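Fair warning: this is a prediction, and the values are worked out from it, not measured in the lab. Side chains included, hydrogens not; waters and symmetry mates left out as well; all remaining heavy atoms used. Protein chains get the first letters and strands the later ones, always in sequence-line order, with residue 1 at the start of each.
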Amino acid sequence: MVTIRLTNSKTRRKEDFRPIDSSNVRMYVCGPTVYDRAHLGNARPVVVFDVLNRLLRHVYGEGHVTYVRNFTDVDDKINAEALRRQKAGVPGTLEELIHGRTEETIAWYHADMDALGALRPDHEPRATEYIGQMVAMTQGLIASGHAYAVEGHVLFRVRSYKDYGKLSGRSVDDMIAGARVEVAPYKEDPMDFVLWKPSSGEEPGWDSPWGKGRPGWHIECSAMSHELLGESFDIHGGGLDLQFPHHENEIAQSACAHPHGDFAHYWLHNEMLQVEGKKMSKSLGNFFTVRDLLDQGIPGEVIRFVFLMTHYRSPMDWTAEKARQAEATLRKWRAATAEVAASAPLVSVIEALADDLNTAGALAALHVAAGEGDWAGLKASAVLLGLLEPAMGSWSSAPDVDLSAQTQRLIDLRAAAMASKDFSAVDALKAALVTAGVEVRMSKAGIELVPGPDFDPAKLEALQ
RNA sequence: GGCGGGUUGGCGGAGAGGUUACGCAGCGGAUUGCAAAUCCGUGAAGACCGGUUCGAUUCCGGUACCCGCCUCCA
């Protein structure tokens with residue numbers, strides 16, 4: 001069996017991956033807060049961990065992997081949007097409006113991530129469906145002295161967990177020195193974080209031993225991963241930005257609530273996304289969603305390919321030039337493999353992926369296979385990477401147009417030109433065809449006209 | 001201020017202590033009436049300064065610059 005090696009944020013080293021139970025490899029990835037369309041940065045962890053999910057299934061077997069990715073549907077941004085709708089006169093209770101907003105966003109998310117070729121996880125739990133577990137976990141943490149209730153809040157006592165800060169490499173004292181934490185008079189320690197907070201009438205809330213309220217952000221992942229994957233599981237993933245404080249707090253809560261488990265064995269963090277060399281942000285005006293790109297006609301498969309060009313632990317720069325290259329490569333490969341039956345994935349590709357998800361190396365191996373004409377191997381390997389899937393390829397198929405009249409005309413003109421040595425008429429027609437996005441292939445054997453990516457039927461019409 | 005990461009040829013982007021990454025672009029050739037497409041070939045790198053070593057772009061230290069998180073935009 002192939003040994004997968006992964007860089008574990010917990011140890012800061014590349015380690016051999018040894019699952020707790022190879023008949024049920026368990027992975028939890030932090031999913032989106034569902035208040036709006038997923039932006040391009042949201043899509044990176046989705047693709048990264050989709051590749052890992054596919055690799056694990058390839059190595060351990062389709063039925064031997066459990067992949068969980070949550071939806072955070074309790075959040076102040078969602079509340080704000082629901083409240084805005086209510087004030088705008090949309091009928092329904094606040095809870096109903098919140099639910100409507102999250103359902104709508106989840107449907108968008110599914111559609112957009114499906115377009116990127118990401119397989120749906122085995123479980124996609126929603127925070128609102130696990131409030132009971134969160135309350136129970138919070139109660140347990142209070143009982144064991146790791147949390148305290150005060151003024152309707154429940155706070156986690158950071159000093160009660162000796163390894164707090166280990167994942168992100170900081171000590172509690174370091175963090176306080178940096179001191180950009182919310183100062184609240186009821187906190188025992190400035191670093192203590194919220195497990196439960198009170199809700200006003202304009203916020204969604206659930207009954208609890210501490211009054212009507214809602215959970216803090218971090219507790220949901222601890223509760224849901226425990227419920228679905230157990231006290232100890234194999235892999236926990238997410239964006240690097242989540243390492244602190246989100247994952248640090250998850251570890252503290254879970255370790256203290258379940259002292260006999262050891263939570264996640266391997267922590268994986270993908271680096272951030274940039275756009276044309278800069279951080280994507282609304283203020284820089286380079287902020288866009290996955291749907292924006294799809295609507296511009298950039299296929300999801302092309303977006304996926306661009307993501308795979310960069311190793312997941314390096315910052316990835318989204319550029320138009322990369323999209324252009326990715327599209328050209330995919331067109332070539334799709335054309336070459338259209339009629340080919342996939343064989344088995346290439347060893348070179350599996351080895352690259354097994355080496356800490358080296359997707360760039362895997363793509364290079366695909367290029368090598370293309371150079372050798374091993375299209376069957378290329379196809380099988382590409383499918384493992386979530387590329388060249390038949391269902392994703394409609395964008396690359398040539399427009400169904402009849403160019404036989406133009407072809408014949410060009411043949412006639414060329415035949416005449418061969419005799420007269422005056423090629424001006426041939427060149428004129430050829431130039432017009434090229435302008436219309438038609439590729440002109442002339443050889444001794446004949447002439448072939450192929451509609452290309454920029455094919456424009458209107459310009460062709462003008463030639464008639 | 002604290003913590004972490006990065007700096008590879010024109011561009012993108014990997015691995016490996018010594019032997020070709022790979023792709024795009026470029027250049028040369030084949031092919032073509034000329035092109036396109038295709039095929040063949042090819043030049044080009046490792047921020048800077050030290051150290052370890054027979055040998056470092058690859059290991060160690062320092063400098064410069066860039067980036068991320070600590071501010072619920074992943």
Side-chain angles (χ1 to χ4, degrees), chain A residues 9 12 29-33 35-36 38-46 48 72 75-77 165 167-171 173-182 191 193-194 216-218 238-249 269-274 277-284 287 305-306 308-311 313-317 319 321-322 324-326 328-329 332 335 348 351-352 355-356 358-371 373 414 417-418 420-424 426-427 430-431 433-434 438-445 447-450 452:
Chain A
S9 302
R12 290 149 214 279
V29 173
C30 289
T33 299
Y35 70 102
D36 204 354
H39 64 243
L40 194 62
N42 291 312
R44 173 118 106 136
V46 173
V48 166
T72 297
D75 180 88
D76 288 347
K77 286 193 288 290
L167 178 71
S168 50
R170 338 165 172 220
S171 71
D173 294 319
D174 281 347
M175 289 182 264
I176 289 171
R180 291 202 202 172
V181 289
E182 188 192 353
M191 289 310 297
F193 58 89
V194 169
W217 173 35
H218 317 292
L240 187 60
D241 55 312
L242 295 178
Q243 189 176 37
F244 185 88
H246 184 55
H247 290 160
E248 199 70 71
N249 293 354
H269 292 100
N270 62 275
E271 252 286 2
M272 301 288 99
L273 174 122
Q274 299 185 319
K278 289 181 178 156
K279 178 176 175 167
M280 182 168 80
S281 73
K282 286 173 180 164
S283 56
L284 287 172
F287 182 96
F305 193 105
V306 171
L308 299 183
M309 284 166 70
T310 303
H311 187 96
R313 289 193 301 108
S314 295
M316 197 215 81
D317 194 14
T319 65
E321 169 60 16
K322 281 184 181 174
R324 188 198 64 75
Q325 279 189 25
T329 301
K332 201 190 301 181
S348 55
E351 283 181 345
D355 181 14
D356 200 25
N358 184 357
T359 52
L363 291 180
L366 253 40
H367 279 295
V368 170
R414 186 164 76 147
M418 288 296 204
S420 70
K421 301 296 174 197
D422 175 9
F423 289 89
S424 56
V426 180
D427 289 340
K430 194 171 69 177
L433 286 165
V434 169
V438 177
E439 192 181 294
V440 180
R441 298 179 185 173
M442 288 177 154
S443 68
K444 274 194 174 127
I447 292 176
E448 198 184 353
L449 298 184
V450 183

First encountered from the 5' end of RNA chain B, between A/Asp427 and A/Arg324: A/Arg324
Reading RNA chain B from 5' onward, which residue's closest nucleotide shows up sooner: A/His311 or A/Leu242? A/His311
Classify the nucleic acid contact of [X] as base, sugar-phosphate or nothing, counting any heavy atom under 4.0 Å across all strands shown.
| X | value |
| --- | --- |
| A/Leu273 | base |
| A/Gly41 | base |
| A/Val426 | base |

Could you give me the CA-CA distance, side-chain angles and deciding distance for A/His247 and A/His269, then say whether ring pair (Phe, Tyr, Trp, His ring centres under 6.0 Å) is met? CA-CA 10 Å; A/His247 290 160; A/His269 292 100; 5.0 Å; yes
Whole Å only: how far is the [atom1] atom of [X] from the [atom2] atom of [N]?
| X | N | atom1 | atom2 | result |
| --- | --- | --- | --- | --- |
| A/Leu167 | B/G2 | CG | P | 21 Å |
| A/Phe244 | B/C70 | CZ | P | 9 Å |
| A/Tyr35 | B/C73 | OH | P | 7 Å |
| A/Leu433 | B/A35 | CG | C1' | 13 Å |
| A/Leu240 | B/G4 | CG | C1' | 8 Å |
| A/Lys278 | B/C67 | NZ | C1' | 14 Å |
| A/Arg414 | B/G33 | CZ | P | 6 Å |

So, is [X] near the phosphate of [N], with a side-chain N or O under 4.0 Å from OP1 or OP2?
| X | N | value |
| --- | --- | --- |
| A/Lys332 | B/C24 | yes |
| A/Lys430 | B/U32 | no |
| A/Lys77 | B/C72 | no |

If you only use heavy atoms from C-beta on, which nucleotide in B/C70, B/G23, B/C22 is closest to the side chain of A/Pro245? B/C70
Quick one: which of B/A14, B/C72, B/G33 gets closest to the side chain of A/Met442? B/G33
Assess the side chains of A/Ser424 and A/Asp422: does a donor N or O sit below 3.5 Å from an acceptor N or O? yes
Under 3.5 Å side-chain donor-acceptor pair for A/Ser314 and A/Glu271: no
Under a 4.0 Å threshold between the charged nitrogen and the carboxylate oxygen, would A/Asp317 count as salt-bridged to A/Lys322? no
Classify the side chain of A/Asp355 versus the base of B/G15 as yes if they form a donor-acceptor pair under 3.5 Å and no if they do not. no
Atom pairs, N/O to N/O, protein against nucleotides 5-12 of chain B, distance under 3.5 Å?
unit_1, atom_1, unit_2, atom_2, d
B/G12, O3', A/Lys322, NZ, 3.4

Pair A/Leu273, A/Leu40 - check side chain to side chain contact (heavy atoms under 4.5 Å, CB included), show working. CA-CA 8 Å; A/Leu273 174 122; A/Leu40 194 62; 4.0 Å; yes
Under 3.5 Å donor-acceptor, A/Arg414 side chain and A/Phe423 backbone: no
Atom pair CZ (A/Phe305) and CG (A/Leu363), whose distance is rounded to the nearest 0.5 Å: 4.5 Å
Return the orientation label for the A/His246 and A/His218 ring planes: parallel under 30°, perpendicular over 60°, tilted otherwise. tilted
